[in-house]
Engineer: 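Quick one: the structure is below, and I'll ask about it shortly.
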Amino acid sequence: MSEMIFPALTIPDTLAAGPGPGNTDARVLAAFAGAGVADHMQADVLRGMIECKHMLRTLWGTKNAYTYGVGGTGFSGLDCMLSAILPGDSVVAFINGTFSGIDGLTIRMKAATREDLAANPMDPKPANVTIITVPHGQSVTGEMVAKVLAQHKPKWAFMAHWETGSGRINDLQGFSDACLAHGALGLVDAVSSLGIADFAIDDFPGVVGWASCPQKGVLCLPMTYAPVSFTDRYIAEVRKTGVATYVHHPVLEARHWGVIDCQDVATPAYHRTHSGYAIAAFHEALRITLQHGRAQKARDYAFHEAALRDAVIAMGCTVTSNMTSLVVLNLPANLAGREKELVQKARAKGFGIWPTLSEPVQVRIGILNQLSAAAITDITRRFAAGMMELGADIDMTKVLAGLSRHYATAVAAE
Ligand SMILES: *Cc1c(COP(=O)(O)O)cnc(C)c1O
């Protein structure tokens, strides 16, 4: 084959208005590009990692020593957290959309024996894992969790906090309480809620492991770190049983962030080659989030999501989600079945909205890092234009008047 060199790659600036990733803040990009060349054991890189660890504890609302970032995407942090599940372990996992569905697959792979894997290598179904499927568009409730845990008494229980596939918030308090009541170790996918919802993980003692991501609420896409946090109970389990991974080892990975033998140490130890650029970007993303304030940021998301929700309802859509970073909707009856066409046309124009990835097909519009009246109005206008192109009859004066009223209330309230 002949050697091929392609022209330099250009990627356009789109409006990332989907479930994630969100638009990365210019401050984060500047920190990334402005970092000097320094190796992974250079003093300021290590200081940056230790400072990130402390900022992450504030963001997660925890005193857990084992709080740090796992290099990679959301699923890297989840892989680290779920690595504590060993072949043969009993697990109950609650699934209500695409992402918890993939987490369920990870859990089945990890809890599988060699025989389970050989029987179905890509999609093992070990008998020791119980998957409870909650229909798309519905939330996992505390009552459901309590009932199933009472029946199965598993070692581990798993749930997504916010399921981005269907845009649903699941009952964290109910999950934690049920885990405590039935002696299960709770594991939570907080990929979509950290940095958006106002919660402190130390308030949920039934949950021993938490995993999030760099591209949603924390807004640090330049491939950085998936935040994780583990309680002493979780770490004790890992120290007792071991896990079958070096790179995502919940105890060993923490060494580079200055956590050794359950304690903060001033001199971190090598685990793998971290990037000074990534650390600088992650550090700035955490500073931005904490400067905004966890509670204020949560209020801002709720406020702007309500504006967008009302606008799409005024266009004739029905909203089925209850997350504050994402609106999941059904198109009006006369456009039903044309969701993918609408999304494809929008994406071709640089308006990055998404369909749902599992049935039923719905449209997802996200507002990550779009917390202003101007940004929400822009999203509203672009979405309305897309619907009108397919023949929708929309009273734009009414839609925009609704947005104006929403934002006027805010000014009046200030
Ligand atoms: C986005 C998402 C993931 C996957 O994150 P990646 O960064 O794509 O690896 C997992 N779980 C939930 C709930 C998500 O929203």
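This chain uses plain numbering: 1 for the first residue, then up along the sequence. Atoms within a ligand are numbered from 1 in the order they appear, just like the ligands themselves. Quantities reported herein were computed from a predicted structural model and do not represent experimental measurements.
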Engineer: Show which atoms of ligand 1 fall inside a sub-4.0 Å distance from at least one heavy-atom site of Ser192.
Structural biologist: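 Here the atoms of ligand 1 in question are 15 (O).
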Engineer: Please identify which atoms of ligand 1 are closer than 4.0 Å to at least one heavy atom of Trp162.
Structural biologist: 13 (C)
Engineer: Please say whether the positively charged group of Arg294, taken as NZ for Lys or CZ for Arg, lies over the ring of Trp60, i.e. under 6.0 angstrom from the six-membered ring centre and within 45 degrees of the axis.
Structural biologist: no
Engineer: Is the distance between the ring centroids of Tyr225 and His274 under 6.0 Å?
Structural biologist: yes
Engineer: Return yes or no for this condition: an N or O of Asp189 is under 3.5 Å from an N or O of ligand 1.
Structural biologist: yes
Engineer: Answer yes or no: does an N/O atom from Lys216 fall short of 3.5 Å to an N/O atom of ligand 1?
Structural biologist: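 N/O-N/O distance below 3.5 Å exists for this pair.
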Engineer: Could you tell me whether Thr164 and ligand 1 have an N or O pair separated by under 3.5 Å?
Structural biologist: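 So ligand 1 has an N or O lying under 3.5 Å from an N or O of Thr164.
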Engineer: Any N or O of Phe75 that comes nearer than 3.5 Å to an N or O of ligand 1?
Structural biologist: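 Min N/O separation from ligand 1 is below 3.5 Å for Phe75.
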Engineer: Determine whether more than 12 heavy atoms belonging to other residues, nucleotides or ligands lie under 6.0 Å from atom NZ of Lys340.
Structural biologist: no
Engineer: On a heavy-atom basis, which atom in Phe351 and which in Ala17 lie closest, and how many Å separate them?
Structural biologist: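 It is CE1-CB, 3.8 Å.
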Engineer: Starting from atom 3 (C) of ligand 1, what is the nearest protein heavy atom, named by residue and atom, and what distance separates them?
Structural biologist: Phe99 CD2, 3.4 Å
Engineer: Where is the nearest protein heavy atom to atom 8 (O) of ligand 1: which residue, which atom, and how far?
Structural biologist: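 For atom 8 (O) of ligand 1, the nearest protein heavy atom comes out as Gln215 NE2, 3.6 Å.
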Engineer: Quick check: Tyr407 with Phe303 (ring centres under 6.0 Å apart)?
Structural biologist: yes
Engineer: Name the one of Asp89, Asp79, Asp116 that satisfies salt bridge (charged side-chain N to carboxylate O under 4.0 Å, His left out) with Lys110?
Structural biologist: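 Checked Asp89, Asp79, Asp116 against Lys110; only one passes salt bridge (charged side-chain N to carboxylate O under 4.0 Å, His left out): Asp79.
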Engineer: Within a 6.0 Å radius of atom CZ on Arg381, are there more than 12 heavy atoms belonging to other residues, nucleotides or ligands?
Structural biologist: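 No, the 6.0 Å shell around CZ holds no more than 12 heavy atoms from other groups.
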Engineer: Checking the N or O distance criterion of under 3.5 Å, is ligand 1 in contact with Gly74?
Structural biologist: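 N/O-N/O distance under 3.5 Å: yes.
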